[in-house]
Amino acid sequence: MREHADLFQRPRASLCDVGQMSVFGRALIATALLSLSIPANAAGGWTNDVVPTNVEIVRNEGFMIFGAFGNPGPTPCSSADGVWVAKTHSEYTEILSSALAAVAGQLELRIYAHNCATVSWHGTDYNQLTSSGAMYISR
């Protein structure tokens, strides 16, 4: 019984201990520096609600949805008039069908773009719809 009572009377370590504080301080500084090192090709945000003007399907690489989508996020892409969807996207055919329906039906698209992607044949980077993104279609 006496052994258990000693467990609760031992001094407890805290973040204020000298050794722990330096580890905590280093972790805090590393986190702050990491959050400031956003890559230059990061978009990250919702585009404008736009009726797309056209869809460009390119070789075996993917397709581009053109329209005045704007540049969401803290670091804008070079071009604000398109959203790129790579052929490797897990829902490629569904998104392509939706984009074509939006053009044909004059429906608005709003897309969450996580980053910018360089589209080589256009020579610039565009917002990219990744598998972590989303797309809304509305009238």
Between Thr130 and His89, which heavy-atom pair has the shortest distance, and what is it? O-NE2, 3.1 Å
How far does CD1 of Ile65 sit from CG of Leu129, to the nearest 0.5 angstrom? 7.0 Å
Compare all side-chain heavy atoms of Val85 with those of Leu96 and state whether any distance is below 4.5 angstrom. no
What is the minimum heavy-atom distance between Pro52 and Ala102, and which atoms define it? CG-CB, 3.8 Å
Taking Asn71 for its side chain and Cys77 for its backbone only, find out whether a donor-acceptor pair lies under 3.5 Å. yes
Hey, could you give me the CE/OG distance between Met64 and Ser79, rounded to the nearest 0.5 Å? 7.5 Å
d(Ile95 CD1, Ile111 CD1) to nearest 0.5 Å is 8.0 Å
Side chains of Thr118 and Asp125: do they bring a donor and an acceptor to under 3.5 Å? no
Common cluster, Leu107/Phe66, ILVMFWY with side-chain heavy-atom separation under 4.5 Å: no
Around Arg59, counting heavy atoms of other residues, nucleotides and ligands shown, do more than 12 lie under 6.0 Å from its CZ? yes
Please evaluate residues Lys87 and Asn60 with respect to the criterion side chain to side chain contact (heavy atoms under 4.5 Å, CB included), reporting the C-alpha separation (whole Å), side-chain torsions for both, the decisive distance (0.1 Å), and the verdict. CA-CA 7 Å; Lys87 182 78 172 190; Asn60 193 31; 3.6 Å; yes
Less than 4.5 Å apart, any side-chain heavy atom of Trp46 and any of Tyr136? yes
Of all heavy-atom pairs linking Glu108 and Asp49, the shortest is OE1-CB, 3.6 Å
State yes or no: are the ring centers of Tyr126 and Trp84 separated by less than 6.0 Å? no
Val50, Val83: one ILVMFWY side-chain cluster at the under-4.5 Å cut-off? yes
Got a second to check how far Met135's CE is from Ser98's OG, nearest 0.5 Å? 4.0 Å
Spacing of CG belonging to Asn127 relative to NE2 belonging to His114, to within rounding of 0.5 Å: 12.0 Å
Quick one: CD1 on Ile57 to CZ on Phe63, what's the gap to the nearest 0.5 Å? 7.5 Å
Looking only at the side chains, is there a donor atom on one of Glu56 and Trp121 sitting less than 3.5 Å from an acceptor on the other? yes
All heavy atoms of Cys116 vs all of Pro76, minimum pair found to be SG-C, 4.3 Å
Determine the minimum heavy-atom distance between Gln128 and Ala117, stating which atoms define it. OE1-CB, 3.4 Å
Using every non-hydrogen atom in the two residues, find where Ala68 and Asn48 come nearest and quote the distance to one decimal. O-ND2, 3.4 Å
